[in-house]
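Step one of this worksheet: look at the structure below.
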Amino acid sequence: GLVPHRAVYDIILKQASDRSGIESMRGRMVYEFAGSTCKGFSTNFRFVTRIDMGDGVRVTDQRSTTFEDVAAGRFRFDNKSYTDDQLDKDVSGDAADAGGKVKIELTGPDRRGLELAESRFPAEHMLEVIARARKGERIFESRIFDGSEDGDQSFLTTTIVGKLQEPSKTDPELEVAKQLVGADYWPVSIAYFNDKAVGDQEPIYNQSFKLYENGVTRDLTLDYGDFVLAGKLTKLEVLGNPEAGCQQTSPQ
């Protein structure tokens, strides 16, 4: 199962084009994941960056809380983003599988309902990636709804999974993540595409990482096109056992 955990990543700028206008960037990402398949999964995510644009410094702060009931096909999300402590975006709502569609009820900033094509929610997609990786499947496509942006669109994704690998004994990330020492991982890359675009298109976003069978990820690369960020795991706390409380007891 997916292990409840809290992971902290230090973020640095790996590369940036002249068009981005970015001279330097650094930040920190904190991801907390809890729950189980029978009780549902909750996440708390925060990503703060300090961006030097040459003529000034900008601080961005993204915050997200979600709850996902995989068995029931339900997903709740609340996403906020700030720039220099000023709220830029506040999107919240509920989504549910409904007859081959995803029915979404946005509760903020404006109340409205809509339907999208059948999609997987984030934890469900992570379980799918791990299941396919175990089977040796290397390339597959999925449609994902995660409540990001304005909460009214899904993304087509192409996932590439490399062969299971052994970690290097000198890998610096493992010095702060003793729980992962000796555990094998898959190198994974996921490209996100606009599901409304037609014809050949470039991904709007790419992410790659080392994925463990328990759902922990490290050695992140976040490619936004005009700039690329690298995230190194600096702290890992395991918060419980996978599927804790899901075991059924036999009747006496």
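These numbers come from a predicted model, not from an experiment.
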Heavy-atom check, side chain of [X] versus side chain of [Y], under 4.5 Å:
| X | Y | result |
| --- | --- | --- |
| R112 | D152 | yes |
| Y205 | L222 | yes |
| V102 | D97 | yes |
| L233 | V8 | no |
| D171 | R218 | yes |
| M53 | I22 | yes |
| T217 | Y185 | no |

Treat each ILVMFWY residue as a node, draw an edge where side-chain heavy atoms are under 4.5 Å apart, and state whether [X] and [Y] are in one component.
| X | Y | result |
| --- | --- | --- |
| F45 | F209 | yes |
| L156 | Y224 | no |
| V161 | Y192 | yes |

Practice problem: Take R111 and L106, measure what side chain to side chain contact (heavy atoms under 4.5 Å, CB included) needs, and give me the verdict at the end. | Solution: CA-CA 5 Å; R111 285 187 172 273; L106 293 174; over 6 Å; no
Quiz prompt | Gap between atom CG of L180 and atom CD of E173 - 0.5 Å precision | solution =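 Separation between the atoms: 9.0 Å.
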Quiz item: Rounded to the nearest 0.5 Å, how far apart are NZ of K101 and NZ of K103?
Solution: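 Interatomic distance, K101 NZ to K103 NZ, rounded to 0.5 Å: 13.5 Å.
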Just by modelled atom types, is the [Y] backbone N or O under 3.5 Å from a matching donor or acceptor in the [X] side chain?
| X | Y | answer |
| --- | --- | --- |
| Q179 | L236 | yes |
| S119 | A117 | yes |
| D10 | R28 | no |
| T49 | I51 | no |
| S17 | D226 | yes |
| E68 | E124 | yes |
| T157 | S142 | yes |

Quiz item: Side chains of N79 and S64: do they bring a donor and an acceptor to under 3.5 Å?
Solution: yes
Quiz item: Side chains of D88 and T83: donor-acceptor distance under 3.5 Å anywhere?
Solution: yes
Self-check item: Proximity of F193 and F155 rings by center, below 6.0 Å
Solution: no
Exercise. Assert yes or no for the condition that the ring centre distance of F145 to F77 is strictly below 6.0 Å.
Key: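 Here the rings of F77 and F145 have centres that are less than 6.0 Å from each other.
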Quiz prompt | Heavy-atom neighbours of E137 CD exceed 12 at 6.0 Å | solution = yes
Self-check item: Worked check of side chain to side chain contact (heavy atoms under 4.5 Å, CB included) between E141 and T158
Solution: CA-CA 5 Å; E141 296 181 346; T158 298; 3.9 Å; yes
Quiz item: Can you name the closest pair of heavy atoms from I104 and A95 and give their distance?
Solution: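 For I104 versus A95, the nearest heavy atoms are CG1-CB, 4.0 Å.
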Quiz item: Can D61 and R46 be said to form a salt bridge (charged side-chain N to carboxylate O under 4.0 Å, His left out), step by step?
Solution: CA-CA 7 Å; D61 185 352; R46 190 172 182 185; 2.7 Å; yes
Quiz item: Is any side-chain N of the basic residue among R76 and D78 closer than 4.0 Å to the acidic one's carboxylate O?
Solution: no
Exercise. Output yes when D150 and K89 qualify as a salt bridge under the 4.0 Å nitrogen-oxygen rule, no when they do not.
Key: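 Here D150 pairs with K89 in a salt bridge, since their nearest N and O are under 4.0 Å apart.
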Quiz prompt | Worked verdict on I11 versus F47 for side chain to side chain contact (heavy atoms under 4.5 Å, CB included) | solution = CA-CA 9 Å; I11 305 297; F47 184 15; 3.6 Å; yes
Quiz prompt | CA sep, side-chain torsions, deciding dist, call: F75, R120, side chain to side chain contact (heavy atoms under 4.5 Å, CB included) | solution = CA-CA 10 Å; F75 180 62; R120 297 193 182 280; over 6 Å; no
